Amino acid sequence: MGIACRPDLRVALYSHDAMGLGHLRRNLAIARALVDSPLRASVLILSGVREAGALRLPERTDCLALPALFKAADGSYRSRALPLPLPDLIRLRSQAIRGALEAFSPQVLIVDRNPLGLGEELAPALRSLAMRGETRCVLGLRDVLDEPAVVEREWRASRGAEAVRAFFDAVWIYGDPAVYDPLREVPAARSVSDLVSFTGYLGPQQPAPDAACQRAQRAQLRIPDGRLLLCLLGGGQDGLPLAWAFANAQLPDDAVGVIVTGPFMPEPARRRLAAFARSRPRLQVLDFVQDIETLLQGADRIVAMGGYNTVCEALAARKPVLLVPRTRPRREQWLRADRLQALGLIDVVAPCDLAPSALSHWLGGPSHAPDISGVDLAGLSRIPTLLSAVLGAESEGAARFALPATKQAIA
């Protein structure tokens, strides 16, 4: 199906964003794909990450930061900053979301992860948009959400299929079913299989930066010469054990190590890590790198947690990767890493086996660029065509029913 140019096309993207930058970074990548395509969309991102302003926004894209939430290691949620009980904060966010979407009046709303939003905060806006009948809605899902039994239980408890049928015109799974197929793994998801399209993994679309760009970035970041060994902690909220293991690892004599902590590492921990790095001339700590893809392209090897975006970017860069995936509060990272390791695309160290010696062995051992020919990383290039298909579908408008109140699992 061809892509028609729609200069007036307005697209909104929502994610609840309570842990790290993953949801926001994925939505920014989708926004860039839509803005740069013949659709020429204008995009409003609704995000719970107030640090969104530090990221480079595509043209014709803006971000509305919602009052921030914090997700603890046990899976519970609380306000990140405002002294409000969780129900009050959800109510505040919900009113902001509905007001923004009614004012922006998007032709398409792409919802990340939870059909009704965290704590059902999106439900009032979805009902309002359905009554207007002018907005097509898409649910976007990572390939892996958690252990299949956990996803099955949550999907049934939250009446996920009914929420999708009530409000959504399509479901996009950001993955390759040859790696992980949630329709096969999670029986409850099969009830909406007629709405599902697999996009492929959302690998970067831009051409790889040349050597001159990589040298310029290293000079700007004051990274010394030598093979670059990169340690990525995602948002950094729970990345300190990996950071210390990497900081204490034995680096090869011809290499330099760079740790990117992410904006959510607690400040006292970040200061201790930076002070330690100053005692090691071939180790550097950076809080945040705006152009992480150029840094990835210039790396010789990558050690990282197993976040979705980092995995896509590292694979697309064709770099040797060692993942130390998170296993709680969800096992999403571990499950994806396990499948990719079985395909020979990455190496994995379990969190319980994390130690400087394990990283030293991998950093100093033989390596090879992964053969990514068998995994689909072209998701971002497909999204404009999939969105055109959604726009071309016959509209049900106000005929969609309003979903009764549910107990949506906060996830």
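Just so it is clear, the structure is predicted and the values come from calculations on it, not from any experiment.
- The aromatic rings of His16 and Tyr77 sit perpendicular to each other, their planes meeting at more than 60°, with 30° as the lower class boundary.
- Considering all non-hydrogen atoms of both residues, Pro115 and Val164 come closest at CG-CG2, 4.2 Å.
- Remark: side-chain polar atoms of Arg270 are paired, donor with acceptor, to backbone N or O of Gly262 under 3.5 angstrom.
- Separation of atoms CG (Asp146) and CH2 (Trp155) is listed at 14.0 Å; rounding is to 0.5 Å.
- A donor-acceptor pair under 3.5 Å is formed between the side chain of Gln237 and the backbone N or O of Lys71.
- Using a 4.5 Å heavy-atom threshold, the side chains of Gln217 and Leu295 count as touching.
- Taking CG from Leu335 and CD from Glu147, the interatomic distance works out to 4.5 Å, rounded to the nearest 0.5 Å.
- When side chains are defined from C-beta on, Leu9 does not count as touching Leu34, because their heavy atoms never get closer than 4.5 Å.
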Q.
Run the side-chain contact (heavy atoms from CB on, under 4.5 Å) test on Leu101 and Arg132 for me, step by step, so that the C-alpha distance in whole Å, both residues' side-chain angles and the decisive distance to 0.1 Å come before the verdict.
A. CA-CA 12 Å; Leu101 290 176; Arg132 291 185 176 197; over 6 Å; no

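- In this structure, the separation between CG on Leu129 and CD on Glu102 is 7.0 Å, given to the nearest 0.5 Å.
- A distance of 7.0 Å separates CG in Leu28 from SG in Cys63, rounded to the nearest 0.5 Å.
- In this structure, OG1 in Thr199 is found 7.5 Å from CG in Leu380, a value given to the nearest 0.5 Å.
- Counting non-hydrogen atoms of other residues, nucleotides and ligands closer than 6.0 Å to CZ of Arg280 gives a total above 12.
- Put simply, the side chain of Asp376 does not reach to within 4.5 Å of the side chain of Phe198, judged on heavy atoms.
- A donor-acceptor pair is defined here as one N or O able to donate and one able to accept, closer than 3.5 Å; no such pair exists between the side chain of Arg60 and the backbone of Val43.
- The shortest side-chain heavy-atom distance between Leu387 and Ile110 falls under the 4.5 Å cut-off.
- At distances below 3.5 Å, not a single donor-acceptor pair connects side-chain atoms of Asp353 with backbone N or O atoms of Val349.
- Ala277 and Val285 make their closest contact through CB-CG2, 3.6 Å (heavy atoms, listed as atom of the first residue, atom of the second, distance).
- Side-chain contact between Ile90 and Leu118 is present, with at least one heavy-atom pair separated by less than 4.5 Å.
- Between Leu69 and Arg80, every side-chain heavy-atom pair lies at or beyond the 4.5 Å cut-off.
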Q) Going through the checks in order, is the side-chain contact (heavy atoms from CB on, under 4.5 Å) test met by Arg336 and Glu332? A) CA-CA 6 Å; Arg336 185 182 301 108; Glu332 166 233 334; 2.8 Å; yes

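- Ion pairing of Arg165 with Glu162 is absent here, as no side-chain N (NZ or NE/NH1/NH2) approaches a carboxylate O to less than 4.0 Å.
- Side-chain atoms of Asp176 never come within 3.5 Å of backbone atoms of Gly200 as a donor-acceptor pair (strictly under, hydrogens ignored).
- Expressed to the nearest 0.5 Å, how far CG of Leu221 lies from CG of Leu286 amounts to 5.5 Å.
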Q: Kindly indicate, with the supporting measurements, whether the criterion side-chain contact (heavy atoms from CB on, under 4.5 Å) is fulfilled by Tyr174 and Ile383.
A: CA-CA 10 Å; Tyr174 304 134; Ile383 279 182; 4.2 Å; yes

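- Annotation: side chain of Gln290 is not in contact with side chain of Ile292 (no heavy-atom distance under 4.5 Å).
- Classified by interplanar angle (parallel below 30°, tilted 30° to 60°, perpendicular above 60°), the ring pair Tyr308/Tyr201 is tilted.
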Q: May I have the step-by-step check of side-chain contact (heavy atoms from CB on, under 4.5 Å) for Leu391 and Gln107, ending in yes or no?
A: CA-CA 8 Å; Leu391 289 169; Gln107 284 97 330; 4.2 Å; yes

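- In this structure, the side chains of Leu39 and Val11 stay at 4.5 Å or more apart for every pair of heavy atoms.
- Shown here for Ala125 and Ile97, the closest heavy-atom pair between the two residues is CB-CG2, 4.1 Å.
- For the residue pair Ser79 and Leu84, the shortest heavy atom distance occurs at CB-O, 3.9 Å.
- Proximity of a side-chain donor or acceptor of Gln333 to a complementary backbone N or O of Arg326 within less than 3.5 Å is detected.
- No donor-acceptor pair closer than 3.5 Å links the side chain of Thr261 to the backbone N or O of Gly236.
- Counting heavy-atom neighbours within 6.0 Å of Gln220 CD, excluding the residue itself, gives a total of 12 or less.
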